[in-house]
Amino acid sequence: METQPRPARPIVLTTFAPAPELDQQAYDRMARDVRSLLGIDLTQYKPAQVWRRVNGFATAKGLADADALVARVRMDADLRQAFLDMLTINVSEFFRNPEAWEVLVEQHLKPMLLGQPTVRIWSAGCSLGYEPFTIAMLAREIAPQKPIYILATDLDDTILSRAKKGIYTEPQMAGVSPARRTRFFRTVDSNWEVKPELAALITWRRHDLLRDPYEHPFDIICCRNVVIYFTEPAKAELYQRFSEALRPGGLLFLGATESITNVRAVGLLPSGGTFYRRP
Ligand SMILES: C[S@@+](CC[C@H](N)C(=O)[O-])C[C@H]1O[C@@H](n2cnc3c(N)ncnc32)[C@H](O)[C@@H]1O
């Protein structure tokens, strides 16, 4: 039997764009412009990571480099917002890492809500409000009448004003069970809106964790997935300031991949998982 020669398989060469080398002068130039245009102090962020993200963003927008990006950002308000969103990474969701929220509820939130006259919680870097509303739902499930103060802060004004509206699309509601939707939300057009009684629990404020004074004291501070690109000294200072903003016995709740390296030096003790307690 005659065998047909097989068609030659195309060889696919996958090429990865190399991460651009950090150009310190160009980085400093961009950091100066970012500070004046967006009010973000990049000196406390890890330069290599920021540089990679900025260049990736510039390429995605069809711009040659960071200088070209900054020049365009000056003139284009939409691009300015997209640039800010990219730098601050505001990805979030309701009940992000549900297992950590379960631990928070069972080991910390319930005893506080059932044993104290009032509870004060700070969601630092709250993005679109998923985190403070998650806290508010849990608090109301545990103690429907208990006075509770939830402070929700973020660096990004635009994201905060969207968070305050408390309106979420169907895909954004992925982490919210049907029972919670019924209890805490109402439908408006094809979206979901937080009911006023839940929204009333939250105080919103623009706040830069690297520059502004911290309110205190808090029983719980949630700062999750915010400091990923901060330098180690900036993180250490931030954790020290969180520790001082907690009441004795208060709890710091970090993101699933975050930990504090020199925990005692910042005045905290490990409390299991990504929880740290002020002694
Ligand atoms: C990835 S989101 C985290 C949202 C939420 N905490 C969570 O874990 O899902 C990071 C948020 O931190 C905010 N952020 C970044 N740098 C900040 C700073 N220096 N001060 C306050 N908020 C900051 C960003 O604007 C963004 O909304």
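For ligands, and for the atoms within them, numbers begin at 1 and follow the listed sequence. In this text the structure is predicted, and so the values were computed from the model without any measurement.
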Tell me, which pairs form a salt bridge (Lys or Arg N to Asp or Glu O under 4.0 Å) where one or both residues lie in residues 211-227, sequence neighbours left out?
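Matches after skipping sequence neighbours: Arg120-Glu215, Arg205-Glu215, Asp219-Arg247.
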Parallel, tilted or perpendicular: ring planes of Phe218 versus Tyr149, cut at 30 and 60 degrees
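Phe218 vs Tyr149 ring planes: parallel.
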Measure up the Tyr214 and Phe242 rings against each other and bin them: parallel (under 30°), tilted (30 to 60°), perpendicular (over 60°).
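Tilted: the ring planes of Tyr214 and Phe242 meet at 30° to 60°.
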Lys164 side chain to Thr203 main-chain N or O, any donor-acceptor pair under 3.5 Å?
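Pair absent, no side-chain N/O of Lys164 close to backbone of Thr203.
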Considering only residues two or more places apart or on different chains, which pairs with a residue in residues 49-82 satisfy ring-ring contact (aromatic ring centres under 6.0 Å, His included)?
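ring-ring contact (aromatic ring centres under 6.0 Å, His included) check on residues 49-82 returns Tyr27-Trp51, Phe57-Phe83.
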Solution key, residues 256-267 side-chain donor-acceptor pairs under 3.5 Å, sequence neighbours excluded:
residue: Glu258; atom: OE1; partner: Asn225; partner atom: N; Å: 3.1
residue: Glu258; atom: OE1; partner: Gly255; partner atom: N; Å: 2.5
residue: Glu258; atom: OE2; partner: Asn225; partner atom: N; Å: 3.2

So which protein residues pack against ligand 1 under 4.0 Å, heavy atoms counted?
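Residues Tyr45, Thr88, Ile89, Asn90, Val91, Ser92, Arg96, Gly125, Ser127, Glu131, Asp154, Leu155, Asp156, His207, Asp208, Leu209, Leu210, Arg224, Asn225, Val226, Phe230 each place a heavy atom under 4.0 Å from ligand 1, listed by chain and number.
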